[in-house]
Amino acid sequence: MWLTIVFVVLLHGYCYSYTAPSYTNETDPYLGLSPPVYPAPQAKGSSNQHWADAYSKARQLLSELTFEEKVNLTGGHVGRCVGNTAAVPRLGWEPMCLSDGPSGVRDFEFASGFPAGIHLGATFDKNLMYRYGKAVGEEYRDLGLKIALGPMGGPLGRIARGGRNWEGFSNDPYLSGAAMGRVTKGMQETGTIAVAKHWLGNEQEERRRAELGKGEAISSNIDDRTLHELYAFAFMDALREGAAAVMCSYQRLNNSYACQNSKLINGVLKEELGFEGMIMSDWNAVYAGVASANAGLDLNMPDAGWWGGNLTDAVNNGSVDAARLDDMVVRHLAAAFYVDLQAQKAGSIHRPRSQDQTPLVAVTTEHDALIREIGAAGTVLVKNKGDFLPLKNPRFLTIYGYDAESRPNPWGNNPGIFGGGPEENWAWNTYNGTLITGGGSGSTTPAYVISPFHAIVERMAAVQGTVRWNFISDNPGPPYPDADACLVFINAYASEKFDRVSLTDEFSDRLINNLAANFTNVVVIVHSAGIRVVDPWIENPNVTAVLFAGVPGQQAGNSIADILWGDVNPSGRLPYTVAKNESDYGELLNSTVSEGPFPQDNFTEGLYIDYRAFDRDNIEPRFEFGFGLSYTTFEYWIQNLMSEPAWTDHREYPNASRPVVQGGHPDLWDPVLSVRVGVGNTGTRAGYGVPQLYVSIPNAPKMQLRGFDRVGPLQPGFMRYETFYLTRRDLSIWDVEAQSWKLQNSQDYYIAVGASSRDLHDGTVFRPSMADQVLDKKQKSQAFVEARTGL
């Protein structure tokens with residue numbers, strides 16, 4: 001029978017007793033070593049009709065290739081892009097152009113600078129995630145490019161100071177997976193191949209590559225369960241949506257380089273997850289020829305590397321089977337055919353693959369509007385004392401901080417000056433201007449940037465208002481007592497190639513404290529490529545509002561102005577936990593790599609990163625995962641639970657008689673339970689509610705995100721119902737001994753809905769073995785009834 005429990009609504013908690021599971025890495029047979037899995041599985045094109053048709057075309061073309069042409073297709077070549085595949089001119093097969101990055105085409109003119117992945121994750125909006133992927137894909141397509149090096153699910157964000165966390169969507173695997181899947185779907189419907197990266201365990205920049213004089217790359221030592229439930233989890237969604245390519249990472253995983261790790265590629269990716277596409281190396285990430293070929297690598301980038309003539313010899317002498325070479329090539333060809341079929345079904349305008357065509361202008365007014373919309377939707381309001389925001393028809397504003405204006409260096413954006421890349425020489429980094437993206441290969445190079453100062457001055461000019469500013473000093477001159485508000489813009493930069501040294505900076509903190517000593521209405525806007533600690537100034541009574549504005553892309557100024565003036569009601573939610581002190585992250589603050597020629601990094605925390613670790617250790621964060629304020633208020637409740645009609649199989653493990661398809665065993669994606677959630681606007685302004693569904697899975701972390709949406713806009717006093725579908729995967733754990741996903745049928749699963757991971761409004765209990773019954777709570781939550789009587 002169904003059991004129900006009463007959740008006592010607390011601001012930062014819930015009241016059921018909880019004991020962390022006795023899960024240890026010591027029992028895992030694979031931790032620190034990677035068992036061999038050979039031979040490499042040959043793709044069958046059997047996941048769906050599109051893959052079948054793509055493989056039919058690919059095999060026909062394969063039959064017409066010479067041995068030399070096959071080998072030539074396995075490596076990169078020189079061309080106009082950062083990466084280029086081979087051509088077969090006599091058969092009309094054109095080379096494919098690969099380009100960075102996850103948030104827009106890099107190093108091309110007339111391309112847009114989209115918000116970074118972490119900013120998109122903060123929207124908690126699946127529709128925006130799809131539209132984002134589609135818009136990015138359209139720009140690749142219209143510039144004559146075929147392969148986009150994104151989206152990114154690794155690093156997941158294990159290390160709080162990780163240099164590339166901002167390129168991904170969240171350090172929660174469910175939120176990251178939802179974004180990975182929808183971005184992939186949108187992108188490939190334009191005919192652009194999405195490359196899910198980096199597979200797997202590249203969770204820091206320090207020692208990610210072998211270094212002369214230092215030794216091998218770091219070994220990320222991850223136990224089998226953690227590898228599946230955390231780090232591979234997000235990639236499953238991308239594969240489910242048809243990702244045609246996956247990129248393997250630089251570092252070692254369990255002491256075997258990721259691009260020649262047979263367990264990781266052959267075993268997990270191609271066998272367990274049924275991957276039908278091609279796996280390519282990161283740039284110069286291959287350290288052996290025969291080993292990488294037999295481990296399942298299909299495309300070596302950016303050139304032939306250890307392959308080329310060596311691969312020819314290896315096939316001729318039997319070190320690499322000829323069937324393995326054919327599988328490399330057919331996966332390469334099928335990937336291109338597959339996305340063309342996806343695009344045709346979606347009605348996308350077809351573009352030829354030729355690199356010789358005249359590129360079209362990719363950026364559009366529609367994309368610009370979407371960038372502005374996402375920029376605002378991913379902005380998180382974390383403090384708003386006395387409902388100071390939105391601004392009330394201001395006539396006099398002061399603006400401070402280096403982040404307020406885009407200030408390119410006086411030598412222009414020539415990459416030859418200072419030796420940096422475009423992200424440095426356009427000056428979108430700490431102390432030099434508005435932060436719209438991070439640094440490295442994931443950065444963008446838009447044609448223009450709308451800075452906050454530009455957007456604010458434009459609004460103030462329209463009402464003949466006054467603006468005063470200082471972008472340089474951390475202790476500006478005397479205050480302006482008549483100012484309506486003091487706006488302070490700071491940022492926190494991060495980049496590929498190095499990890500962050502701090503989650504704060506003394507200059508910015510000093511600036512805020514000095515201003516708060518002289519102004520009574522200080523509004524702090526933080527453009528941040530990841531976590532930014534805000535204590536102790538967040539408690540200053542003169543700091544009346546604080547906004548985490550993320551890395552919002554080229555419309556940064558208009559996006560934040562839309563929030564400040566109230567044109568858009570903030571609905572962003574934190575895709576990570578903000579601690580009170582950096583030390584609260586414990587061993588997950590910095591890299592835990594050992595020194596020496598064979599550096600090791602033991603992921604001894606297992607499943608417990610970010611909010612899972614804070615929950616386990618009873619650490620109170622400054623702002624918990626999923627937190628975000630609005631200019632109105634919302635109530636959330638569970639209306640009912642209902643077993644899905646198709647759910648009749650209550651067995652613990654997936655049905656072994658069903659063949660695996662891309663994305664994993666099909667049983668994993670069967671809906672087990674639907675949860676109908678109510679969302680009600682109890683405030684005085686229209687806005688978006690963001691219900692978050694959390695599940696306490698037995699023998700696993702305390703609460704895990706398993707559903708979310710951005711609902712609205714809802715007018716005051718109105719409510720809406722949303723249905724979340726929980727699949728077998730959502731409720732399962734990885735059984736190391738059985739090597740399968742396990743549904744704990746006889747155990748109770750606690751299910752709760754609320755505004756964040758620690759602000760849960762309503763909950764109940766579910767037991768899978770009794771899923772043929774229904775819980776119908778019928779009544780709206782009492783809090784909502786009392787707040788909005790008469791509904």
Chemist: Between Glu203 (side chain only) and Arg158 (backbone N and O only), is there a donor and an acceptor less than 3.5 Å apart?
Modeler: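 A pair under 3.5 Å: yes.
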
Chemist: Please determine if Lys345 and Asp340 form a salt bridge, counting it only when a charged side-chain N lies under 4.0 Å from a carboxylate O.
Modeler: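 No, no charged N to carboxylate O under 4.0 Å.
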
Chemist: Please check if the side chain of His77 supplies one atom and the backbone of Asn84 the other of a donor-acceptor pair under 3.5 Å.
Modeler: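 Side chain of His77 to backbone of Asn84, a donor-acceptor pair under 3.5 Å: no, none is there.
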
Chemist: Only distances under 3.5 Å count here; give the side-chain donor-acceptor pairs of residues 174-183 to other protein atoms, sequence neighbours excluded, each with its distance to 0.1 Å.
Modeler:
from	atom 1	to	atom 2	distance (Å)
Tyr174	OH	Arg706	O	3.2
Arg182	NH1	Ala178	O	3.4

Chemist: Determine, for Lys497 against Glu205, whether the closest basic-nitrogen to carboxylate-oxygen distance falls under 4.0 angstrom.
Modeler: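 Answer for the salt bridge query: no.
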
Chemist: Locate the shortest heavy-atom distance separating Ser559 from Arg372; write the atom from each residue and the value.
Modeler: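 Minimum heavy-atom separation between Ser559 and Arg372: OG-O, 2.9 Å.
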
Chemist: Main chain of Leu547, side chain of Thr379: is a donor-acceptor contact present, judged purely on distance under 3.5 Å?
Modeler: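 Judged by distance alone, no pair lies under 3.5 Å.
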
Chemist: Under the salt bridge (charged side-chain N to carboxylate O under 4.0 Å, His left out) criterion, do Arg459 and Asp562 qualify, and how do the steps go?
Modeler: CA-CA 10 Å; Arg459 288 190 180 236; Asp562 289 342; 2.8 Å; yes

Chemist: Could you tell me whether the side chain of Asp403 and the main chain of Leu435 form a donor-acceptor pair under 3.5 Å?
Modeler: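 The answer is yes, because a donor-acceptor pair under 3.5 Å joins these two groups.
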
Chemist: Check for a donor-acceptor pair, side chain of Thr445 on one end and backbone N or O of Asp107 on the other, with a separation under 3.5 Å.
Modeler: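 Answer holds: yes.
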
Chemist: Does the pair Ser170 and Tyr576 meet the rule for a side-chain contact (heavy atoms from CB on, under 4.5 Å), with working shown?
Modeler: CA-CA 6 Å; Ser170 170; Tyr576 44 69; over 6 Å; no

Chemist: When you measure from the centre of the six-membered ring of Phe124, is the NZ or CZ of Arg573 under 6.0 Å away and within 45° of the axis?
Modeler: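 Relative to the ring axis of Phe124, which defines the angle, Arg573 lies outside at least one limit.
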
Chemist: So Trp166 and His119, do their side chains get closer than 4.5 Å, heavy atoms only?
Modeler: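 His119 does not reach Trp166 side chain to side chain.
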
Chemist: Is there a side-chain contact between Arg710 and Leu128, using heavy atoms and a 4.5 Å cut-off?
Modeler: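 Yes; the side chains approach each other to less than 4.5 Å.
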
Chemist: Calculate, to the nearest 0.5 Å, the distance between atoms CG and OH belonging to Leu253 and Tyr231 respectively.
Modeler: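 Output value for this atom pair is 10.5 Å.
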
Chemist: Is there a side chain to side chain donor-acceptor pair (under 3.5 Å) between Glu189 and Gln342? Walk through the geometry before answering.
Modeler: CA-CA 5 Å; Glu189 285 183 356; Gln342 278 191 305; over 6 Å; no

Chemist: Give a yes or no answer on whether the side chain of Asn165 reaches the backbone of Gly530 with a donor-acceptor pair at less than 3.5 Å.
Modeler: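 No, the answer is negative, given that no donor and acceptor are paired below the 3.5 Å cut-off.
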
Chemist: For the backbone of Ala244 and the side chain of Gln188, can you confirm whether one donor and one acceptor N or O come within less than 3.5 Å of each other?
Modeler: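 At least one qualifying donor-acceptor pair exists.
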
Chemist: For Thr192 and Thr190, test the side chains for any donor-to-acceptor distance below 3.5 angstrom and give the result as yes or no.
Modeler: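 Result is yes, a qualifying pair exists.
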
Chemist: With a 4.5 Å cut-off on side-chain heavy atoms, are Val488 and Val523 touching?
Modeler: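 No. Closest side-chain heavy atoms not under 4.5 Å.
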
Chemist: Is the ring centre of Phe114 less than 6.0 Å from the ring centre of Tyr132?
Modeler: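 Distance test on ring centres: under 6.0 Å, yes.
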
Chemist: Mind checking whether Pro570 and Val380 have side chains closer than 4.5 Å, heavy atoms only?
Modeler: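 No, side chains not in contact.
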
Chemist: Check whether the side chains of Gln554 and Asp368 place a donor and an acceptor atom closer than 3.5 Å, and report yes or no.
Modeler: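 The criterion, which ignores hydrogens and geometry beyond distance, is satisfied for Asp368 and Gln554.
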
Chemist: Ignoring hydrogens and angles, tell me if any N or O in the side chain of Glu139 forms a donor-acceptor pair with the backbone of Ser112 under 3.5 Å.
Modeler: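 Yes: the side chain of Glu139 pairs with the backbone of Ser112.
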
Chemist: Any ion pair linking Arg532 and Asp509 (charged N to carboxylate O, less than 4.0 Å)?
Modeler: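 Answer for the salt bridge query: yes.
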
Chemist: Is the backbone of Val82 close enough, under 3.5 Å, to the side chain of Trp283 for a donor and an acceptor to pair up by distance?
Modeler: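 Yes.
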
Chemist: Can you tell me how far apart CG (Leu143) and SG (Cys81) are? Round to the nearest 0.5 Å.
Modeler: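 One finds 9.5 Å between CG of Leu143 and SG of Cys81.
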
Chemist: Let me see the working for Ser99 and Arg106 under side chain to side chain donor-acceptor pair (under 3.5 Å), right down to the final yes or no.
Modeler: CA-CA 7 Å; Ser99 183; Arg106 184 171 180 247; over 6 Å; no

Chemist: Quick one: list whatever passes side chain to side chain contact (heavy atoms under 4.5 Å, CB included) with Ala160, sequence neighbours left out.
Modeler: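 For Ala160 the side chain to side chain contact (heavy atoms under 4.5 Å, CB included) partners, ignoring immediate neighbours, are Leu503, Ile531, Tyr585, Leu589.
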
Chemist: Let me confirm one number: the SG-CD1 distance from Cys97 to Ile147, rounded to the nearest 0.5 Å.
Modeler: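 Atom-to-atom, Cys97:SG and Ile147:CD1 are 8.5 Å apart.
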
Chemist: Between Asn171 and Asp610 (side chain of the first, backbone of the second, donor and acceptor by atom type, cut-off under 3.5 Å), is there such a pair?
Modeler: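 No; zero donor-acceptor contacts below 3.5 Å.
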
Chemist: Does one side chain, of Thr504 or Glu582, offer a donor that lies under 3.5 Å from an acceptor on the other?
Modeler: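 Their side chains do not contain a donor-acceptor pair, so the 3.5 Å distance test is not met.
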
Chemist: For Asp125 and Phe708, work out which heavy atoms get closest and say how close.
Modeler: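 Closest pair (atom of Asp125, atom of Phe708, distance): N-CE1, 4.2 Å.
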
Chemist: Give the minimum heavy-atom separation between Ser249 and Ala285, together with the two atoms involved.
Modeler: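 Looking at all heavy atoms of both residues, the shortest contact is O-CB, 4.2 Å.
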
Chemist: Does the side chain of Thr85 come within less than 4.5 Å of Leu299's, by heavy atoms?
Modeler: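 Leu299 reaches Thr85 side chain to side chain.
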
Chemist: Would you call Tyr688 and Asn569 a side-chain contact if the rule is heavy atoms closer than 4.5 Å?
Modeler: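 Tyr688 vs Asn569: side chains apart.
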
Chemist: Are Phe471 and Phe453 an aromatic pair, judged by ring center distance below 6.0 Å?
Modeler: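 Here the rings of Phe471 and Phe453 have centres that are less than 6.0 Å from each other.
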
Chemist: Check whether any side-chain heavy atom of Pro452 sits under 4.5 Å from a side-chain heavy atom of Glu405, and report yes or no.
Modeler: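 With C-beta onward as the side chain, the pair stays apart.
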
Chemist: With a 4.0 Å cut-off, would you call Asp282 and Arg208 a salt bridge?
Modeler: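 Not counted as a salt bridge, because no side-chain N and carboxylate O are separated by less than 4.0 Å.
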
Chemist: Distance from Arg131 atom CZ to Thr123 atom OG1, nearest 0.5 Å?
Modeler: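 OG1 of Thr123 is found 10.5 Å from CZ of Arg131.
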
Chemist: Just wondering, more than 12 heavy atoms not from Trp469 lying within 6.0 Å of its CH2?
Modeler: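 Open: at most 12 neighbouring heavy atoms sit under 6.0 Å from CH2 of Trp469.
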
Chemist: Should Lys185 and Asp237 count as an ion pair when the cut-off is N to O under 4.0 Å?
Modeler: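 No.
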
Chemist: Where is the tightest heavy-atom contact between Pro552 and Ile371, given as atom of each residue plus distance?
Modeler: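 The answer is O-CG2, 3.9 Å.
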
Chemist: How close do Phe169 and Leu120 get, counting heavy atoms only, and between which atoms?
Modeler: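 Phe169 and Leu120 have their closest heavy atoms at CE2-CD2, 3.8 Å.
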
Chemist: Please evaluate residues Thr184 and Glu241 with respect to the criterion side chain to side chain donor-acceptor pair (under 3.5 Å), reporting the C-alpha separation (whole Å), side-chain torsions for both, the decisive distance (0.1 Å), and the verdict.
Modeler: CA-CA 7 Å; Thr184 296; Glu241 293 294 350; over 6 Å; no

Chemist: Any salt bridge linking Lys146 with Glu94? Criterion: basic side-chain nitrogen under 4.0 Å from a carboxylate oxygen.
Modeler: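 Salt bridge: no.
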
Chemist: Using the six-membered ring of Phe235, assess whether NZ or CZ of Lys197 lies under 6.0 Å from its centre and within 45 degrees of the ring axis.
Modeler: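 No cation-pi geometry.
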
Chemist: Can you check whether Ile436 reaches Gln555 side chain to side chain, under 4.5 Å on heavy atoms?
Modeler: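 No; the side chains remain at least 4.5 Å from each other.
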
